[in-house]
There are 2 protein chains.
Amino acid sequence: MSLQLSVRNMAVLPPVRTAMEARVGRTPHDDSDALERIGTRMVLHRHQPLFQEGDQADAVYRVVSGAVRTSRVMPDGRRYVADFLFPGDFICLNDRQVRTVTAEALCDVILIRYARRQFNSSIEADRSLGRMILSILSGGLTSAQERMMLLGRKTAAERVASFLLMMAGRKESDRVELPMTREDIADYLGLTIETVSRTISQFKAKAVIQTLGAATIVIQDLSALEDLAEAA
Amino acid sequence: MSLQLSVRNMAVLPPVRTAMEARVGRTPHDDSDALERIGTRMVLHRHQPLFQEGDQADAVYRVVSGAVRTSRVMPDGRRYVADFLFPGDFICLNDRQVRTVTAEALCDVILIRYARRQFNSSIEADRSLGRMILSILSGGLTSAQERMMLLGRKTAAERVASFLLMMAGRKESDRVELPMTREDIADYLGLTIETVSRTISQFKAKAVIQTLGAATIVIQDLSALEDLAEAA
DNA sequence: CGCATAGTTGAACTCTCTCAACAGCCGTGG
DNA sequence: CCACGGCTGTTGAGAGAGTTCAACTATGCG
């Protein structure tokens with residue numbers, strides 16, 4: 001009945017992206033102070049699971065490098081990708097007892113693990129850290145709403161364009177690496193592999209983007225892509 | 001780029017529903033203690049807006065009675081209903097500065113208004129209240145994920161069945177009042193009015209539900225409805 | 001080099017949407 | 001109190017976006 005969550009946060013590791021995140025990132029009392037002491041570093045290899053649906057949720061994680069996917073499968077096999085997590089993002093920053101998604105490494109990943117109890121103590125002890133977590137959760141809800149609009153009301157082309165812009169938003173360059181498969185993208189956008197593939201081909205035909213192998217796309221015409229995304 | 005949020009919480013006013021909510025609801029130090037002092041009661045009439053997209057977000061609200069709808073409109077008119085808020089639910093429990101949804105009364109509504117600054121102070125002052133807010137935000141994210149699965153992967157029949165079960169979940173009886181229009185439901189489920197209407201008609205034809213006017217449905221066969229919802 | 005996996009493209013199909021007409025309900029005013 | 005008008009909801013028919021099934025191609029790893 002409920003899903004585990006993964007919440008994005010750009011506070012420390014990657015460059016800031018939004019007003020909220022910028023604000024958080026510049027908090028004088030940086031969150032890493034309080035958290036650094038209690039985290040343990042760990043490595044995950046490509047396709048290795050971090051945890052499974054149903055597991056006890058005894059830790060919070062933060063991605064240092066690489067990319068993680070959280071997903072869920074319906075009894076009949078339909079899959080839903082909850083989120084892609086990149087450096088700086090927290091995984092499952094909520095208070096659920098049981099995992100409701102499976103988290104897997106898309107490529108080799110380094111992350112920091114925080115035991116739930118210690119993490120909670122840190123939040124309570126450090127007021128600015130608590131505020132930050134609140135902010136991150138708020139931001140997560142906000143972007144969840146954005147995604148619901150996408151899933152409920154946008155066309156395939158708009159969804160794919162929005163997705164590419166999202167991925168591009170993380171970087172300066174016009175070159176975007178997609179560590180996930182087309183199937184992952186499809187399950188993230190509520191489409192099929194074929195539709196994602198066809199849509200990307202259309203964008204190439206229109207010279208909006210270009211591909212360097214399936215995993216790398218180059219944005220040739222950013223404003224055209226933004227128009228296609230029909231940003232609301 | 002970001003959406004305002006409305007977060008559900010059953011802690012005080014209505015009966016508890018989930019593990020998390022139950023836990024919160026039984027917190028010895030009840031949240032109403034800390035909040036009651038700073039809230040002001042207000043009344044809203046049917047169709048009256050509480051706030052609009054773009055407004056300054058200087059308050060948090062909590063529904064006492066009635067029902068509120070939050071929504072957003074894309075430039076070309078496509079609408080997305082973010083949430084329906086019922087007694088006990090908080091509206092826009094996040095730290096965004098600007099409203100990214102419009103909130104309107106579906107019927108006559110009583111709510112409590114908390115000035116943002118005082119609300120934030122209360123959270124910081126009262127540890128258990130802070131925990132509760134964190135819990136509510138977590139729960140909001142969890143149900144957002146649930147909804148994304150619905151929007152991305154479920155069929156029209158599954159969506160409508162899930163919706164009816166959601167609405168029924170708030171009550172003991174098998175009689176469910178729907179204060180929102182078919183259009184609201186459609187925009188909430190990512191469907192059209194016609195599809196919602198047709199699906200409800202199908203359910204009636206199968207004797208799964210029954211209607212007493214458009215606004216009241218009676219669940220005749222709960223397990224059949226649950227099957228239709230294909231609960232994941 | 002060769003196989004397996006991932007991605008692309010084509011064609012037919014289907015679910016949902018769109019457009020359109022009709023029906024039912026409710027409040028207002030005669 | 002009933003009749004009218006407007007709004008909300010229902011039903012029908014046709015169209016279209018995206019899916020499904022299937023074949024083919026490219027890529028990457030042993």
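Residue numbers start from 1 in every chain, and the chains themselves are labelled A, B, ... in the order their sequence lines are given, proteins ahead of strands. Side chains are part of it too, since the values below use all heavy atoms of this structure and drop only hydrogens, waters and symmetry mates.
Looking at heavy atoms from C-beta onward, B:V109 lies out of side-chain contact with B:L50 at the 4.5 angstrom threshold. Between A:K204 and A:I209, the closest side-chain pair of non-hydrogen atoms falls below 4.5 Å.
As rounded to whole Å, 13 Å separates atom P of D:dT10 from atom CZ of B:F203. Atom pair B:E183:CD and D:dG9:C1' shows a separation of 11 Å (rounding to whole Å applied). Rounded to whole Å, atom C1' of C:dG27 lies 14 Å from atom NE2 of B:H47. The interatomic distance linking B:K204 (NZ) with D:dG9 (P) rounds to 12 Å, in whole Å. In this structure, the CG atom of B:L191 is 15 Å from the C1' atom of D:dA17, given to the nearest Å. In this structure, CD of B:Q202 is placed 9 Å from P of C:dT16, rounded to the nearest angstrom. The distance from atom CD1 of B:I185 to atom P of D:dT10 is 9 Å, rounded to the nearest whole Å. Between the CZ atom of B:R78 and the P atom of D:dA17 there is a distance of 13 Å, rounded to whole Å.
With a 6.0 Å cutoff to the six-membered ring centre and a 45° limit on the axis angle, B:R99 counts as a cation-pi contact of B:F51. Seen from the ring of A:Y188, A:R147 counts as a face-on cation partner, given the 6.0 Å and 45° thresholds.
Under 4.0 angstrom from either OP1 or OP2 of C:dT9 there lies no side-chain N or O belonging to A:S197. The side chain of A:R198 places no N or O atom within less than 4.0 Å of a non-bridging phosphate oxygen (OP1 or OP2) of C:dT8. When the side-chain nitrogen and oxygen atoms of A:S201 are compared with OP1 and OP2 of C:dT9, one or more of them lie within a distance under 4.0 Å. Residue A:T195 has a polar side-chain atom (N or O) positioned under 4.0 Å from OP1 or OP2 of D:dT19.
Place A:T155 and B:I193 on DNA chain D by their nearest nucleotides, and B:I193 ends up nearer the 5' end.
Residue A:A156 has its side chain nearest to D:dG18 when only C:dC17, C:dT8, D:dG18 are considered.
Rounding to the nearest 0.5 angstrom, the gap separating the CG atom in A:L164 from the OG1 atom in A:T199 is 10.0 Å.
Remark: the A:E194 side chain and the D:dC21 base include a donor-acceptor N/O pair separated by less than 3.5 Å.
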